Peer 1: 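Below you'll find the structure I mean.
A quick note: this is a predicted structure, and the numbers were derived from the prediction, not measured. In what follows, every heavy atom counts, from backbone to side chain, and hydrogens, waters and symmetry copies are set aside.
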Amino acid sequence: MKHTRILKIVFATMLFGLSLACTPEHLQSTFDPKGPIARDQGYLFEILFWAMAAVFIIVQTGLVYTIIRYRRKSENELPKQVHGHDKLEIAWTIAPIFVLAAVAIPTVSMIFEHDEIPTNMPKIEITAEGYQWWWGFDYTDENINISTANELHIPTDTVINVSLKSENVIHSFWIPKLAGKMDLVPNNNNSMWFIADEPGEYYAQCAEYCGTSHANMKFKVYAHDQAGFDEWVANEQKSANATLIECASADANCSGLAAKGAYIFANKKFSGVIRGQQVDNQMCAACHTVAGMKIRGNAGPVLTHVASRTTIASGMFDNTEENLTSWITDPKNMKPGVYMPTLNFEQGDVQALVAYLQTLR
Amino acid sequence: MAANSGSLPKFLERPTSYTTGVWGWITTVDHKRIGIMYGFTAIFFFLLGGLEAIVIRSQLAFAGNEIVSPDIYNQLFTMHALTMIFLAIMPLAVTFFNLIVPLQIGARDVAFPRLNALSYWIYLSGGLLLNAGWILGGAADSGWFAYAPLTLDQYGSGGRGMDFYSLGLLVLGISSVAGGLNFLVTIINMRAPGMTLMRMPVFTWMAFITSILLVTAMPVITIALIELALDRILGTQFFAPGAGGDPLLWQHLFWVFGHPEVYILILPAMGIVSEVLPTFSKKPLFGYPFIIFSGIFIGFMGWAVWSHHMFTVGMGPVANATFAITTMLIAVPTGVKIFNWIGTMWGGSVDFKTPMLFSIGFVFLFIIGGLSGVSHAAPPSDYQQQDTYYIVAHLHYVLFGGAIFGIFSGIYYWWPKFSGTLLNENLGVVHFALLFIGMNMSFGPMHWLGMDGMPRRIYTYGAEYGWEFWNTVSTVGSYMIALGTIVFIVNVFYTMRQERRTDLADPWDGRTLEWSIPSPVPEYNFKEIPIVNGLDSFWDTKYSTDKDGYMTPIPQGASDEHTEDEEVDIHMPGLSYFPFITGIGLSVSGFGFAIYSQFNVVGLTIAIVGILATFFGAYGWCFEPADPEDHH
């Protein structure tokens, strides 16, 4: 009677926990693979899991059974003194070797299998660069040849071959639903490949601790069907809002808030503070590229089509007017440790910059 | 000796008068007193590391929680690991080496008593040096394995913590190597007559293997730390990527040390468990030679698996496959140990006293930690688990469920030997229950969180990821662990206030030599050096066993004729100031170098003072007479 009540409580608690745990979407679950690499890796984990679960049940049952059966029943027990059993020792030395061999074979074959890039599928080349704390993506195929940041667009059913580069600290490139991680190590050229099966939005995150805002170094992967991807590429290849690019040059005669923003972006110098250090002569374009402009800085994310992205600050905030305004006004307040300076803007500068950035679709 | 004493400077005379008080502790070279100092210091650091863990868990209890800033959070998880590994678990193991090994091998002290004291003083001052960053502009914050080049100033948070990291660990390494050498020599040379290697108690065996690992592994990280310190303080370019430095050099050096280090942490606990299980089952250890040789094999293989920490750095398929297989191989000797431990209890008379509860808990939890380890021994599976909470879960099952449970088992088991009191059983059971439930609640869900995509070392996460519920559960579990630890502390204070008993020489019906002498242990340990006739030779004085394994108790009491107050004149090593001076001097010089880049002149001055103190200590040490002057 008492036992059933305890059992009921235990099950109720477990169900409650599961219901809570299952309600939200599992944005980065490795149990929900959407591509062959992640699926294979999950499959190998499953093999290992069930093999280990079997060992777990056998050994723990043996342990629990032993301590219950041989619990001390009286103070004067004098158990038989057994020092060992050689055949038993040999048996339980060899048995695990078979279990391990059984899991080592699929492991090793998968390592080599995934080392070969499939040749029977279309392939695109992307270079992913890790920065503190954001991502740059360069599409290096000649027919694509674009640069973007923090949001990676890919076609489905295509091999995505990613070269991984960092010139600062080590980062790790990880899209849980598409592929396990690979590190970006300075002075070491790593690469990995993966395939997305179906169009969708996949969450991704830097997995190697890389400093103050490591937790805020996320990115998103958008997988499109081929037509959708081509459309995205075509838009990226255009320079966004060519008329405003003209306005960025000092002698142009434009009017309007966005035009003023373009001018400020490309020309106006500010003093400010980066990570506690006073700095002078800071200019947006010195760090950020907008394709078509003369000055092409590369210390910060490419902004050519920033308005078409869904988030800013490497996946931290939705790309809204309000968030952009707060971000430009005082980035360190939005993202701890950030290398973007807090600048001494004049009245109206930020508003103009936001208006300009929002035209960059 | 007495003849040339007149020519010696006054300061070289060995102190004789301190038996109690602060100076008694500072000048002591007695392995038991040093062990007790190790123990209390390590428990202090254990509580400090636990406090750091509680803040970490509180921050992660809810999505978007902001109890501490990211920079503080990063210092907390870095210092939590460093404190627990270098200042709590390792020294707690050394505590037992000090207290138990000489007693188990029938020796009166360790081979080099002053070196032993030096190890302690370096440990204490080095531990403070490692933590000095907390009050001097930030503690270490690059993670405990401190991957280059995040350790360089231009990429870090700007704090000075990594200076204290490199110098602190360098200084602590000296303590570890000195301790390791000391126990190697002690165990090889100072065993009682008749105690062959294969008659040595398992704990001493594991201390022996651990000491070999300490002596061989610490130099590797010393090289890495010297390079790091030079990079940071003098501007060399070992790890600077812009100058062609290779960050992977650090990773290889670190993990060539780091993986044997894992066995440095776990082997002593395995030794403790191998003593406790037989005692509380009233049976000899099942498969003694297999336990010993699997320990040796684990220690040896510890050198051949380091790159499994680096499966995702791009070593290529051949290296990954090789290290996957060597790593899986380690499961074999570990399994052999576990089967033998169960075999020990099988057919025994299992008594669920607190030490036994912790040892059974160790076996249960270590099985889980070992099995989860197999799933990231396979690189393709590890690509998803590396740097996630799955790894955090695994390492805590091994180091908390393993090492810490083993250490608590040892504390409850050997406590009476040194205090003449017994820790309270009821509080002990409560302590165990809270720790066991709390630890499963805290670290169990982390397996799921890791597979659900939660990376480790993030100071915050969004509610949309669905990680909040199990993080909250985990935090509640960590509070239970904290509560259990408080119960333990209460138990210690409660027990220390009790009167000493004289009937606790052998409270558990023990098997090894330490139970053959009175509790608390007299200064000279053994009045007469025992003669050893076999494994568990003390047990054989209490029970006679026929060839089928059936025991009959041997009537006791005949040997009680000599009383406690009997005058004994046994040569014991004298007190000395110099280990203290040498050890503190080392840490002071480390402190000077650590603050050098901030305060050049002051730092250099402090460093020189520290070096001079070290040299003065070493000089005095060399010329100090072997015996106190007035010994006759």
Peer 1: Is any side-chain heavy atom of B:Met345 less than 4.5 Å from a side-chain heavy atom of A:Tyr70?
Peer 2: no
Peer 1: Taking the side chain as everything from C-beta on, heavy atoms only, tell me whether A:Val169 gets closer than 4.5 Å to B:Tyr147.
Peer 2: no
Peer 1: In sequence, state the C-alpha distance, the side-chain angles, and the governing distance for B:Phe339 and A:Val59, and then conclude on side-chain contact (heavy atoms from CB on, under 4.5 Å).
Peer 2: CA-CA 8 Å; B:Phe339 295 134; A:Val59 181; 3.8 Å; yes
Peer 1: Would you say that more than 12 heavy atoms from the other residues, nucleotides or ligands in this model lie under 6.0 Å from the CD of A:Glu201, or not?
Peer 2: yes
Peer 1: For the CZ atom of B:Phe364 and the CD atom of A:Gln60, what is their distance to the nearest 0.5 Å?
Peer 2: 4.0 Å
Peer 1: Which distance, rounded to the nearest 0.5 Å, do you find between the OG of B:Ser372 and the CZ of A:Phe56?
Peer 2: 11.0 Å
Peer 1: Go through the atoms of A:Lys177 and report whether side chain, backbone, both or neither lie under 4.5 Å from a heavy atom of chain B.
Peer 2: neither
Peer 1: For the residue pair A:Trp174 / B:Gln386, report whether a side-chain donor-acceptor contact shorter than 3.5 Å exists.
Peer 2: no
Peer 1: Which residue pairs pass the salt bridge (charged side-chain N to carboxylate O under 4.0 Å, His left out) test when at least one of the two sits in residues 92-115 of chain A, sequence neighbours left out?
Peer 2: none
Peer 1: Out of A:Glu77, A:Glu89, A:Met182, A:His83, return the one with the most heavy atom pairs under 4.5 angstrom to chain B.
Peer 2: A:Glu89
Peer 1: Closer than 3.5 angstrom, by distance alone: can the side chain of A:Gln41 be matched with the main-chain N or O of B:Gln384 as a donor-acceptor pair?
Peer 2: no
Peer 1: Are B:Trp341 and A:Leu63 side-chain neighbours, meaning at least one heavy-atom pair lies under 4.5 Å?
Peer 2: no
Peer 1: Could you tell me which portion of A:Phe49 (side chain, backbone, both or neither) has an atom closer than 4.5 angstrom to a non-hydrogen atom of chain B?
Peer 2: neither
Peer 1: Got B:Pro380 and A:Thr107 here, is their nearest side-chain heavy-atom distance under 4.5 Å?
Peer 2: yes
Peer 1: Keeping A:Asn188 on the side-chain end and B:Leu248 on the backbone end, is there a donor-acceptor pair under 3.5 Å?
Peer 2: no
Peer 1: Let me confirm one number: the OH-CG distance from B:Tyr550 to A:Leu78, rounded to the nearest 0.5 Å.
Peer 2: 12.0 Å
Peer 1: Determine whether a donor-acceptor pair (N or O, by modelled atom type, separation under 3.5 Å) exists between the side chain of A:Thr30 and the backbone of B:Met451.
Peer 2: yes
Peer 1: To the nearest 0.5 Å, tell me how far A:Gln28 CD sits from B:Trp467 CH2.
Peer 2: 4.5 Å
Peer 1: Please classify the contact of A:Val185 with chain B as side chain, backbone, both or neither, using a heavy-atom distance under 4.5 Å.
Peer 2: side chain
Peer 1: For the candidates A:Glu75, A:Lys218, A:Met192, which exhibits the highest count of non-hydrogen atom pairs separated by less than 4.5 Å from chain B?
Peer 2: A:Lys218
Peer 1: Please report the interatomic distance OG1(B:Thr460) to CE(A:Met316), rounded to the nearest 0.5 Å.
Peer 2: 8.0 Å
Peer 1: From A:Trp92 CH2 over to B:Ile338 CD1, what is the distance, rounded to the nearest 0.5 angstrom?
Peer 2: 11.5 Å
Peer 1: In terms of heavy-atom pairs under 4.5 Å, which option from A:Pro336, A:Pro96, A:Gly276 contacts chain B the most?
Peer 2: A:Pro336
Peer 1: Please check if any side-chain donor atom of A:Gln81 sits under 3.5 Å from a side-chain acceptor atom of B:Asp548, or the reverse.
Peer 2: no
Peer 1: Using the salt bridge (charged side-chain N to carboxylate O under 4.0 Å, His left out) rule, collect all pairs that involve residues 58-73 of chain A, keeping only residues at least two apart or in two chains.
Peer 2: A:Arg72-B:Asp351
Peer 1: Begin from the C-alpha positions of A:Asn216 and B:Tyr459 and carry the test side chain to side chain donor-acceptor pair (under 3.5 Å) through to its verdict.
Peer 2: CA-CA 9 Å; A:Asn216 303 320; B:Tyr459 73 91; 2.9 Å; yes
Peer 1: If you tally heavy-atom pairs under 4.5 Å against chain A, which of B:Pro70, B:Ala321, B:Ala378, B:Pro149 wins?
Peer 2: B:Pro149
Peer 1: Is the shortest side-chain heavy-atom distance between A:Ile37 and B:Tyr383 below 4.5 Å?
Peer 2: no
Peer 1: Between A:Phe31 and B:Trp448, is the ring centre distance below 6.0 Å?
Peer 2: yes
Peer 1: I'd like to check B:Pro284 versus A:Val82 (side-chain heavy atoms, cut-off strictly below 4.5 Å). Are they in contact?
Peer 2: no
Peer 1: What I'd like to find out is whether the side chain of A:Leu100 reaches to under 4.5 Å of the side chain of B:Leu329, using heavy atoms alone.
Peer 2: no
Peer 1: Side chains of B:Gln154 and A:Asn168: closer than 4.5 Å at any heavy-atom pair?
Peer 2: no
Peer 1: Evaluate whether atom CD of A:Gln277 has more than 12 neighbouring non-hydrogen atoms of other residues, nucleotides or ligands under 6.0 angstrom away.
Peer 2: no
Peer 1: Backbone N or O of A:Pro79 within a donor-acceptor pair of the B:Lys282 side chain at under 3.5 Å?
Peer 2: no
Peer 1: Which one, B:Ser381, B:Pro241, B:Ser349, B:Gly314, leads in non-hydrogen pairs under 4.5 Å with chain A?
Peer 2: B:Ser349
Peer 1: Given that the side chain runs from C-beta out, which part of A:Ala101 has a heavy atom under 4.5 Å from chain B: side chain, backbone, both or neither?
Peer 2: neither
Peer 1: Can you tell me if CD on B:Glu66 sees more than 12 non-hydrogen neighbours from other groups inside 6.0 Å?
Peer 2: no
